[in-house]
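Along the sequence shown, the residues carry numbers beginning at 1. Both ligands and their constituent atoms are indexed starting at 1 by order of listing. Since the model is a prediction, treat every value here as computed from it, not as a measurement.
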Amino acid sequence: MKTALITGITGQDGSYLAEFLLKKKYHVFGLERRTSKRNRESIEHLIDKVELLSGDLLDAESITRALKQSKPDEVYNLASQSFIPDSWRQPVYTGEATGLGVTRMLEAVREFDPNIKFYQASTSEMFGKVRATPQNEGTPFHPRSPYGVAKLYGHWITINYRESYGMFAVSGILFNHESPRRGLEFVTRKITHTAAKIKLGLAKELRLGNTSAERDWGFAGDYVEAMWLMLQQEKPQDYVIASGETHSVEDFVQATFKYLKLDPKKYVKIDKKFFRPAETDYLRGDAGKARRELGWKPKVGFEKLVQMMVDADLAALSSSKISK
Ligand code: NAP
Ligand code: GDD
């Protein structure tokens, strides 16, 4: 039986990865922050199946303690301050958690057991103001947010530990991936959740920022498999994981409202408050290397993703409406 330690287990990807690894018969540990309000919604159904350890990427000792307690074969570093607008509001904190946090993880792994395999959650946001399309492992980076800059540091320090110490440390450069467990502040879930509320008479409008922005969206459940596959290879390498399709935020709005048989013109308002100081306008990934070498490809397409998220929001909101 293999053992894995997942940082960020309470997040969207952490919950899907924990489910995936449990199905593969892993012993799963998760690093969880001690916060004033426990944030376990996404992993409530897994609480008896995983072991939660208290820790924070800002606290090196807590990471070392978690490694000693779990003795993992594989570490998946998914924890980060991941909401891009907050990275302008808290740039130094974002650098600490999303950037330096990776070094704290790598250093703790190196000192405890350098044979542990390490996965770093890198991101398409590192491509930012894109220099080529589609973006692949060789495309130059130009991050457009303090978050993107911090992630780029995390990306390069992972490569550096691989090259300096021969560690099995890899970065998955994942393009946007969504699900019914996506945080409500991210645009896809904000759209499906608010539109479902409008449908049920619980909201009157949907306020959005830049709806021209274009993203390469996939389903989180498909993407966690790629993380695992990267750690099962003979050689440590970085991979782009993407759907290869681009849609605008406006397309996402249209697909959501069409599915709900609502007219978006009646409800969607543009609000300057949600525009960013600098924007990543367009992303489209080329996951050819992952397809060839990992045998990975996405299963859930754009329309199905929208419908899955809308259905889940409608069901959850309807049942909470009934219980009120
Ligand atoms: P998410 O839902 O925002 O989850 C982030 C997780 O990190 C949460 O469990 C959070 O814990 C934890 N965390 C935050 N700061 C921490 C700290 N200082 N110490 C320990 N844990 C901390 O993110 P996600 O969508 O699952 O994404 C997973 C990772 O992939 C992130 O690193 C993200 O930046 C990256 N990524 C995501 C995407 C995407 O499209 N989803 C694409 C590329 C890369 P709390 O519950 O305590 O807040
Ligand atoms: N959040 C949000 N809210 N975004 C909006 C809104 C709004 O009201 N209106 C328009 N947008 C636009 C943003 O300006 C951005 O261009 C796009 O919608 C997507 O925003 P998010 O869903 O917040 O995702 P993101 O692309 O900024 O970041 C996500 O994907 C990255 C991978 O490229 C996060 O998951 C990051 O952690 C991840 O690395």
Side-chain angles (χ1 to χ4, degrees), residues 6-17 30-43 54-59 62-63 66 76-87 93-94 96-98 100-102 104-105 119-128 135 143-145 147-148 150-151 154-155 171-179 181-191 194 206-220 223-224 227 241-242 248-250 252-253 268-283 285:
I6 304 173
T7 73
I9 193 165
T10 54
Q12 170 188 258
D13 292 6
S15 68
Y16 282 105
L17 180 64
L31 192 80
E32 179 192 46
R33 284 195 290 180
R34 177 97 208 147
T35 44
S36 49
K37 187 172 178 291
R38 288 231 170 249
N39 180 18
R40 286 181 169 172
E41 202 184 322
S42 293
I43 53 165
S54 175
D56 194 307
L57 257 54
L58 268 58
D59 179 351
S62 72
I63 299 170
Y76 294 86
N77 185 36
L78 309 186
S80 85
Q81 191 304 89
S82 76
F83 187 49
I84 291 177
D86 277 354
S87 78
Y93 171 76
T94 302
E96 278 289 347
T98 304
L100 278 177
V102 187
R104 290 191 195 93
M105 287 299 301
Y119 173 86
Q120 167 57 18
S122 283
T123 166
S124 49
E125 182 66 15
M126 300 186 307
F127 295 121
Q135 297 84 49
R144 292 278 277 173
S145 58
Y147 165 85
K151 277 286 184 187
H155 183 74
S171 282
I173 306 173
L174 271 53
F175 282 62
N176 297 53
H177 45 280
E178 320 294 311
S179 74
R181 298 181 200 164
R182 186 57 142 154
L184 287 166
E185 65 276 34
F186 298 94
V187 78
T188 55
R189 184 78 197 290
K190 182 175 171 182
I191 294 168
T194 312
L206 167 61
R207 301 189 85 82
L208 292 172
N210 176 17
T211 53
S212 316
E214 293 173 277
R215 290 290 182 274
D216 176 329
W217 278 298
F219 170 52
Y223 285 37
V224 297
M227 299 176 185
I241 301 299
S248 64
V249 173
E250 176 62 26
F252 201 101
V253 168
V268 179
K269 307 269 175 332
I270 300 302
D271 188 335
K272 288 278 169 231
K273 182 169 86 184
F274 297 110
F275 280 71
R276 299 174 180 188
E279 180 65 282
T280 291
D281 295 312
Y282 179 90
L283 291 172

*Nearest protein heavy atom with distance in Å, relative to atom 8 (C) of ligand 1*: T10 OG1, 3.6 Å

*asked:* For atom 27 (O) of ligand 2, what is the closest protein heavy atom, and at what distance to 0.1 Å?
replied: R276 NH1, 2.6 Å

*Any idea which protein heavy atom is nearest atom 40 (O) of ligand 1, and the distance to it?*
H177 N, 2.9 Å

*asked:* Within the 4.0 Å heavy-atom shell around F274, which atoms of ligand 2 are there?
replied: 8 (O)

*To the nearest 0.5 Å, tell me how far D59 CG sits from R33 CZ.*
12.0 Å

*Among the heavy atoms of W217, does any lie under 4.0 Å from an atom of ligand 1?*
no

*Minimum heavy-atom distance T94-Y147, with the two atoms named*: CG2-CA, 3.8 Å

*Got a second to check how far I63's CD1 is from L31's CG, nearest 0.5 Å?*
7.0 Å

*asked:* Give me the residue, atom name and distance of the protein heavy atom closest to atom 38 (C) of ligand 2.
replied: Y147 OH, 3.5 Å

*Numbering as shown, the atoms of ligand 1 that approach L57 to under 4.0 Å (heavy-atom distance)*: 17 (C), 18 (N), 19 (N), 20 (C)

*S15: partners by side chain to side chain contact (heavy atoms under 4.5 Å, CB included), with sequence neighbours left out*: S42, I43, R181

*Within a distance under 4.0 Å of any heavy atom of S124, pick out the atoms of ligand 2 and give their elements.*
32 (C), 33 (O)

*Numbered atoms and elements of ligand 1 in range of S122, under 4.0 angstrom, heavy atoms*: 43 (C), 44 (C)

*Using the ring of each side chain (for Trp, its six-membered ring), is Y119 parallel, tilted or perpendicular to Y76, with breaks at 30° and 60°?*
tilted

*Around atom 34 (O) of ligand 1, find the nearest protein heavy atom and jot down its residue, atom name and distance.*
Y147 OH, 2.6 Å

*Among all protein heavy atoms, pick out the one at the shortest distance from atom 48 (O) of ligand 1; state its residue, atom name and that distance to 0.1 Å.*
R33 NH2, 2.8 Å

*Sub-4.0 Å heavy-atom contact, E32 with ligand 1*: no

*Using a strict 4.0 Å cut-off to heavy atoms of G8, name the atoms of ligand 1 that fall inside it.*
6 (C), 7 (O), 9 (O), 12 (C)

*Determine whether any heavy atom of E214 lies closer than 4.0 Å to an atom of ligand 2.*
no

*What are the atoms of ligand 1, with element, lying closer than 4.0 Å to any heavy atom of N176?*
40 (O)

*Nearest non-hydrogen protein atom, atom 1 (N) of ligand 2*: E185 O, 3.0 Å

*At what distance is the nearest protein heavy atom to atom 7 (C) of ligand 2, and which residue and atom is it?*
K190 NZ, 3.7 Å

*Of the non-hydrogen atoms in L17 and L78, which two are nearest, and what is the gap between them?*
CD2-CD1, 4.0 Å

*Could you pull out all residues at least two apart from D86 that satisfy side-chain hydrogen bond (donor to acceptor under 3.5 Å, both in side chains)?*
R89

*Which residue owns the protein heavy atom closest to atom 14 (O) of ligand 2, what's the atom, and how far is it?*
E279 OE2, 2.6 Å

*In the protein, which heavy atom is nearest to atom 9 (N) of ligand 2, and how far is it?*
G209 N, 2.8 Å

*With a 4.0 Å cut-off on heavy atoms, is L78 touching ligand 1?*
yes

_Under 4.0 Å, counting heavy atoms only: does F275 come that close to any atom of ligand 2?_
no

*Taking the minimum heavy-atom distance to atom 24 (P) of ligand 1, which of D13, T98, I43 ranks first?*
D13

*Quick one: look at Y93 and ligand 1, take heavy-atom pairs under 4.0 Å, and tell me if it's side chain, backbone, both or neither.*
side chain

*For atom 24 (O) of ligand 2, what's the nearest protein heavy atom and its distance?*
N176 ND2, 3.7 Å

*Does even one non-hydrogen atom of L31 get within less than 4.0 Å of ligand 1?*
no

*Hey, which atoms in ligand 2 end up nearer than 4.0 Å to a heavy atom of E125?*
33 (O)

*Measure the distance from atom 21 (N) of ligand 1 to every protein heavy atom, then report the residue, atom name and distance (to 0.1 Å) of the closest one.*
A79 CB, 3.3 Å

*Can you tell me the protein heavy atom closest to atom 5 (C) of ligand 1 and the distance?*
S80 O, 3.8 Å

*Is the count of non-hydrogen atoms from other residues, nucleotides or ligands lying under 6.0 Å from K272 atom NZ greater than 12?*
no

*Where is the nearest protein heavy atom to atom 30 (O) of ligand 1: which residue, which atom, and how far?*
A121 CB, 3.4 Å

*Atoms of ligand 2, numbered as shown, that sit under 4.0 Å from any heavy atom of A213*: 16 (O)

*Side chain or backbone of R182 under 4.0 Å from ligand 1, or both, or neither, by non-hydrogen atoms?*
side chain

*Using a strict 4.0 Å cut-off to heavy atoms of T123, name the atoms of ligand 1 that fall inside it.*
43 (C), 44 (C)

*Where is the nearest protein heavy atom to atom 35 (O) of ligand 2: which residue, which atom, and how far?*
R182 NH2, 2.9 Å

*Which is closest to atom 19 (C) of ligand 2 by heavy-atom distance: I84, V187, D13?*
V187

*Show which atoms of ligand 2 fall inside a sub-4.0 Å distance from at least one heavy-atom site of S82.*
34 (C), 36 (C), 37 (O)

*Report the nearest protein non-hydrogen atom to atom 2 (O) of ligand 1: residue, atom name, distance rounded to 0.1 Å.*
Q12 N, 3.0 Å

*Quick check: does T123 get an N/O under 3.5 Å from an N/O on ligand 2?*
yes

